[in-house]
Amino acid sequence: MTFQDYLAAQRKRVDDYLAQVLTTEQLRFSKLYEAMNYSLLAGGKRIRPVLLLATVEALGQDAAPYTGLACALECIHTYSLIHDDLPCMDDDDLRRGKPTNHVVYGAGLATLAGDGLLTFAFELMASQKGIAPDKLNRCIAVIAKAAGPAGMVGGQAFDLASDGEMAIGREGMELLHHSKTGVIFKAAIDMAAIVAEASPQQRQALDAYASYMGLTFQITDDILDVVGDEALLGKPVGSDARNDKATYVTIFSLDEARRMACEAADKAVQALEPLGPKAWFLKELVEHLLVRVH
């Protein structure tokens, strides 16, 4: 199976599952659910759930029983996008090739749609059958910390505070992007390691991979905000510069950002050597990040 075939198959698994989960019998809540589904089912790369599923398979286990767990990550990711696009945050009007949630439903309902997706993610995880309770509890603790003030929310706050501040340097950039983006990638991999009972050596390899893979993703995201095609990206190009955001491109340079992305990708691939050939997709994923156009 090729990289693209595997990615398409896993995306379909995630999309099919997500299409069924967010429903209500309370008609007065239907607009809220419509807004939640509007963003959740708008497409997207689905990298976070696919990363969890692929890591489980790289560890020699069947990933199918963990589809719900993986899809909870996409609910959390989508909530973060809705809130990130709000007028009080980045004030963007295009996401995944469609008008952003607040453009369609208003800032109030968009905020609630994000709140709903975040909390629903924990309902979805807690309701999973066939996962040992101790493993499920550990997974929930991992993503709760990663998505909260010690992780993604903290990263968002730091991002707001650093708007227009280019002197945060490389250390600040790595903290910003690890907290805002990389921490959820790492959570996906940690959750897979928990349910698949990874050995200490495998955990060490996956920890290193998660760090460098997340860094590769964010640097290339910063690059695409400068040189990407808005039609392919499905979101505005140049929003970082308009919002005076500190990025790898604005702090360093386009060429240096590209060099740093290649360096991080090489280290991510090297980190996976102890996992052997079963980790082929994880290796190709990080290589794909270097050449992606969206």
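- For Y33 and Q26, the side-chain atoms include no donor-acceptor pair closer than 3.5 Å.
- When atom types are taken as modelled, the side chain of Q128 and the backbone of L124 share a donor-acceptor pair closer than 3.5 angstrom.
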Could you walk me through whether M191 and T55 pass side-chain contact (heavy atoms from CB on, under 4.5 Å), step by step?
CA-CA 9 Å; M191 291 162 71; T55 302; over 6 Å; no
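- Proximity of F281 to V50: side-chain heavy atoms (C-beta onward) are separated by under 4.5 Å at one or more points.
- A donor-acceptor pair under 3.5 Å is absent between the side-chain atoms of T78 and the main chain of C75, judged by distance alone.
- Contact detail for G155 and L176: the closest heavy-atom pair is O-CD1, 3.4 Å.
- L86 places none of its side-chain heavy atoms less than 4.5 Å from the side chain of D91.
- For the side-chain hydrogen bond (donor to acceptor under 3.5 Å, both in side chains) with E57, the qualifying choice from W280, Y6, Y66 is Y6, the only one to do so.
- L81 CG to R96 CZ: the interatomic distance, rounded to the nearest 0.5 Å, is 5.5 Å.
- Here the side chain of T181 pairs no donor or acceptor atom with the backbone of H178 at under 3.5 angstrom.
- By the criterion of side-chain heavy atoms lying less than 4.5 angstrom apart, applied directly or through intervening Ile, Leu, Val, Met, Phe, Trp or Tyr residues, I143 is grouped together with L117 in one hydrophobic cluster.
- Donor-acceptor pairing under 3.5 Å is recorded for the side chains of Q218 and D222.
- Dense packing is recorded around CZ of F120, with more than 12 heavy atoms of other residues, nucleotides or ligands lying under 6.0 Å away.
- Residues in residues 127-150 take part in these salt bridge (Lys or Arg N to Asp or Glu O under 4.0 Å) pairs, two or more places apart or across chains: K135-E197.
- Heavy-atom neighbours of E171 CD from other residues, nucleotides or ligands within 6.0 Å: at or below the threshold of 12.
- Taking the six-membered ring where the residue is Trp, the centroids of Y248 and H177 are separated by under 6.0 Å.
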Can L7 and Q4 be said to form a side-chain contact (heavy atoms from CB on, under 4.5 Å), step by step?
CA-CA 5 Å; L7 184 60; Q4 292 296 344; 4.2 Å; yes
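- I189 and V142 are members of different hydrophobic clusters when ILVMFWY side chains are connected at heavy-atom separations under 4.5 Å.
- Connection of F217 to Y209 is established within a shared hydrophobic cluster, with ILVMFWY side chains joined at heavy-atom distances below 4.5 Å, either directly or through further cluster members.
- Listed for the N101 side chain is a donor-acceptor partner under 3.5 Å among the backbone atoms of A35.
- Around atom CZ of F29, no more than 12 heavy atoms belonging to other residues, nucleotides or ligands sit under 6.0 Å away.
- Minimum heavy-atom separation, A198 to L59: CB-CD1, 3.9 Å.
- Side chains of T220 and R292: a donor on one and an acceptor on the other come within 3.5 Å.
- Side chains of Y105 and E34 form a contact here, defined as non-hydrogen atoms less than 4.5 Å apart.
- To the nearest 0.5 Å, atom CG of residue D84 and atom CD of residue Q156 are 4.5 Å apart.
- The pair R48-E74 does not count as a salt bridge, with every side-chain nitrogen at least 4.0 angstrom from each carboxylate oxygen.
- The side-chain heavy atoms of V249 and I219, taken from C-beta on, include no pair separated by under 4.5 Å.
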One pair to check against side-chain contact (heavy atoms from CB on, under 4.5 Å): H77 and I184. What are the steps and the verdict?
CA-CA 8 Å; H77 174 56; I184 303 299; 5.6 Å; no
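- With contacts defined as side-chain heavy-atom distances shorter than 4.5 Å, the pair I194/R203 qualifies.
- Between the side chains of T100 and D93, no donor N or O sits under 3.5 Å from an acceptor N or O.
- Under the 4.5 Å side-chain heavy-atom criterion for grouping Ile, Leu, Val, Met, Phe, Trp and Tyr, V153 is not connected to F158 through any hydrophobic cluster.
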L69 and C139: CA distance, side-chain angles, deciding distance, side-chain contact (heavy atoms from CB on, under 4.5 Å) verdict:
CA-CA 9 Å; L69 203 61; C139 286; 4.0 Å; yes
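- Atom CD of residue Q10 and atom CD1 of residue I47 lie 13.0 Å apart, to the nearest 0.5 angstrom.
- Other residues, nucleotides and ligands place no more than 12 heavy atoms under 6.0 Å from the CD atom of Q201.
- Across all their heavy atoms, V56 and A63 have their closest contact at CG1-CA, 3.9 Å.
- The CG atom of L289 lies 9.5 Å from the NZ atom of K45; values are rounded to the nearest 0.5 Å.
- A110 and I82 get closest at one heavy-atom pair: O-CG2, 3.2 Å.
- Between the side chain of D92 and the backbone N or O of L94, no donor-acceptor pair lies under 3.5 Å.
- By the 4.5 Å heavy-atom criterion applied to side chains, L118 and I76 are counted as neighbours.
- The CG atom of L215 sits 6.5 Å away from atom CE of M260, with the distance rounded to the nearest 0.5 Å.
- Of the possible donor and acceptor atoms, none in the side chain of S39 sits under 3.5 Å from a partner among the backbone N and O of M36.
- The side-chain heavy atoms of Q61 and V195, taken from C-beta on, include no pair separated by under 4.5 Å.
- The neighbour count for E263 CD, taken as heavy atoms of other residues, nucleotides or ligands under 6.0 Å away, is above 12.
- L32 and L18 fall within the same hydrophobic cluster, defined by Ile, Leu, Val, Met, Phe, Trp and Tyr side-chain heavy atoms under 4.5 Å apart, directly or through other members.
- Atom CG of N37 and atom OG of S30 lie 11.5 Å apart (nearest 0.5 Å).
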After noting the C-alpha distance and the side-chain angles of R11 and D15, does the key distance pass the salt bridge (charged side-chain N to carboxylate O under 4.0 Å, His left out) rule?
CA-CA 6 Å; R11 277 178 178 165; D15 286 341; over 6 Å; no
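- Judged by the 6.0 Å and 45° rule, K98 forms a cation-pi pair with Y38.
- For the pair F3 and L285, the minimum side-chain heavy-atom distance is below 4.5 Å.
- When every heavy atom of G116 is checked against every heavy atom of T119, the shortest pair comes out as O-OG1, 3.2 Å.
- Between A188 and L51 the shortest heavy-atom distance is CB-CD2, 4.3 Å.
- Contact check on K12 versus D16 returns a salt bridge, with a Lys/Arg side-chain nitrogen under 4.0 Å from an Asp/Glu carboxylate oxygen.
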